[in-house]
Number of protein chains: 2
Amino acid sequence: MSSERQDEIQWLLQEHGNLTVTELAKRFNVSEMTIRRDLKNLAALGLIQREHGRAIYPPVLPTEILMMSMGEAEREKSRIGHLAATLITEGDSVILDAGTTTLGVAQALTTKCTVITNSIPIAGVLGNRNEITVLLTGGEVQGKNFALVGPLTRSVLKGFNADKLFLGATGVAIERGLSTANMLESEVKQEMLKVAKEVILVAHSAKIGQIYFHTFARWDSIQTLVTDSGLEEEIRDKLNSMGVKVLLA
Amino acid sequence: MSSERQDEIQWLLQEHGNLTVTELAKRFNVSEMTIRRDLKNLAALGLIQREHGRAIYPPVLPTEILMMSMGEAEREKSRIGHLAATLITEGDSVILDAGTTTLGVAQALTTKCTVITNSIPIAGVLGNRNEITVLLTGGEVQGKNFALVGPLTRSVLKGFNADKLFLGATGVAIERGLSTANMLESEVKQEMLKVAKEVILVAHSAKIGQIYFHTFARWDSIQTLVTDSGLEEEIRDKLNSMGVKVLLA
DNA sequence: TAAATATATGTTTATTTAAACATTTTTTTA
DNA sequence: TAAAAAAATGTTTAAATAAACATATATTTA
């Protein structure tokens with residue numbers, strides 16, 4: 001199947017940094033055209049970088065921002081956002097992680113509260129709602145998804161105490177917990193987990209079952225998952241048995 | 001010259017959104033190879049996006065940030081920005097204060113350097129130029145201009161050392177120095193002044209002669225003023241005699 | 001100013017690309 | 001299970017690309 005090969009290409013690239021189309025075609029015993037199509041898909045998702053004749057890792061950034069404008073997933077993410085936003089009570093201090101699903105939470109937010117975020121788009125959305133105080137963490141600006149990362153971000157987060165954390169993830173899996181392709185983002189998420197009393201994972205069901213390069217959280221640190229109705233029964237049951245409350249939008 | 005053509009290509013792309021290499025080669029009466037080299041440069045700077053046979057604008061930016069325009073006096077502010085940007089040398093670490101004129105500096109910036117800013121719009125403009133490292137200070141998001149202010153902003157700034165500070169001001173006057181109507185912004189500007197080796201004031205000539213609520217700097221802390229040709233001779237002479245170098249865009 | 005050097009541009013060519021269509025494999029539906 | 005539909009892959013071909021080298025044009029330097 002093409003998606004398995006594409007996963008494998010990612011791993012190979014992480015190892016070798018830089019592989020040609022010809023090399024990959026030989027490796028998988030498929031035509032170069034097929035490899036090109038794989039690389040095009042991966043590049044469209046922002047998971048690799050493309051050059052003439054070759055593929056490069058690391059990617060500039062995950063293109064989650066692009067998915068926001070891709071239509072169908074947008075609707076579900078918006079629903080997830082609305083449901084998640086109801087979990088906030090007036091006066092809460094809330095951390096909103098960077099990501100398109102958490103951006104959905106920001107857009108749905110009407111409760112008077114304080115928001116701490118490392119996402120420039122979220123700060124943009126909430127910036128002029130005068131009932132909401134928005135604190136943007138400092139940090140290095142990551143192109144494409146406009147998240148703030150790095151040591152400054154982490155040290156700023158250390159200074160806060162939050163009632164609730166709305167956390168995003170690139171990959172969500174029963175056995176491997178929450179993962180992402182970007183180490184810098186992982187580190188920031190881990191800092192967020194440390195300073196939040198309650199953790200709510202918001203994730204589109206398509207992300208469930210995916211595993212990326214770095215696991216930043218195990219299930220025991222997550223209290224609630226808000227996702228859409230695409231979630232399989234079996235997984236839902238497993239999560240419940242692990243003590244994770246599951247809400248479907 | 002190649003860089004002028006590259007500027008022009010950017011403008012054309014902003015207008016048309018999407019142009020082929022062949023079209024551009026005809027337009028400028030140069031070979032397709034030359035256009036390809038231009039596009040490669042622009043793409044390397046993150047200023048355009050490349051596809052097989054064509055160039056695309058703009059690279060994905062959060063809409064809120066794009067909407068931030070410079071308002072009145074846009075032309076002159078853009079000119080001031082271009083001139084001011086030439087003062088930056090490769091490898092500099094530069095603080096860009098929040099404001100529309102400093103936003104003009106950001107837009108004109110092509111030199112490889114590190115930018116520290118408390119302005120969300122500036123971070124938006126520079127965020128995906130991969131030759132430029134952008135550090136956004138943390139802080140509370142101020143609704144109207146999307147500047148970051150408050151104690152967090154100040155304490156983050158304390159940790160930096162910058163070669164150059166590009167400073168904006170609401171009011172600029174010979175006798176009363178630089179002023180603004182907003183106390184929180186004043187405090188942040190003063191912190192910036194403390195950590196910068198060299199200070200360049202960028203201000204539209206219409207601001208000169210105006211005095212606002214709070215003076216945050218006197219002339220002895222300013223080395224250079226970049227403004228437009230609307231500046232009166234008399235004021236220019238006075239500034240020179242005070243040791244302020246004046247540049248007219 | 002002239003020579004030296006760096007930068008920009010053009011030309012040729014082998015390689016890479018994507019579109020179009022054909023074929024195979026997988027998945028869905030009846 | 002068989003038929004239909006969808007997805008993945010392969011093949012051919014015209015267009016696009018980048019490397020290598022040649023030539024022209026600025027920019028320094030002596």
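In this text, all values refer to a predicted model and were calculated from it rather than measured experimentally. These values consider heavy atoms only, across backbone and side chains, with no hydrogens, waters or symmetry-generated copies. We name chains A, B, ... by the order of the sequence lines, and we start the count at 1 in each one.
Listed pair B:T34 / C:dT9 fails the phosphate criterion, with no side-chain N or O lying under 4.0 Å from OP1 or OP2.
A:R5 places its CZ atom 13 Å from the C1' atom of C:dT25, with the value rounded to the nearest Å. Atom-to-atom, CG of B:L24 to C1' of C:dT9 comes out at 16 Å; the value is rounded to the nearest Å. D:dA16 atom P lies 14 Å from atom CD1 of B:I35, rounded to whole Å. Rounding to whole angstrom units, CG of residue B:N29 and P of D:dA24 are separated by 17 Å. The nearest whole Å value for the distance from the CG atom in A:D38 to the P atom in C:dA18 is 13 Å.
When all heavy atoms of B:Q223 and B:E198 are compared, the closest pair comes out as OE1-CA, 3.3 Å. Residues B:K207 and B:T101 share a closest heavy-atom pair of NZ-OG1, 4.1 Å.
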Validation: residues 235-249 of chain B side-chain donor-acceptor distances under 3.5 Å, sequence neighbours left out:
{"residue": "B:N240", "atom": "ND2", "partner": "B:R236", "partner atom": "O", "Å": "3.3"}
{"residue": "B:S241", "atom": "OG", "partner": "B:K238", "partner atom": "O", "Å": "2.7"}

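With C:dG10, D:dG10, D:dT9 as the candidates, the nucleotide lying closest to the side chain of B:S31 is C:dG10.
Considering only heavy atoms from C-beta on, B:E32 comes within 4.5 Å of B:T22 through its side chain. B:L24 has its side chain out of reach of B:D38: every pair of non-hydrogen atoms, C-beta onward, lies at least 4.5 Å apart.
Looking at A:T170, A:V188, A:L178 one by one, the single match for side-chain contact (heavy atoms from CB on, under 4.5 Å) with A:F216 turns out to be A:L178.
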Enumerate the protein-to-nucleotides 17-20 of chain D contacts in which both atoms are nitrogen or oxygen and the separation is below 3.5 Å.
{"residue": "D:dT17", "atom": "OP1", "partner": "B:R50", "partner atom": "NH2", "Å": "2.6"}
{"residue": "D:dT17", "atom": "OP1", "partner": "B:G53", "partner atom": "N", "Å": "2.5"}
{"residue": "D:dT17", "atom": "OP2", "partner": "B:R36", "partner atom": "NE", "Å": "2.8"}
{"residue": "D:dT17", "atom": "O3'", "partner": "A:H52", "partner atom": "ND1", "Å": "3.4"}

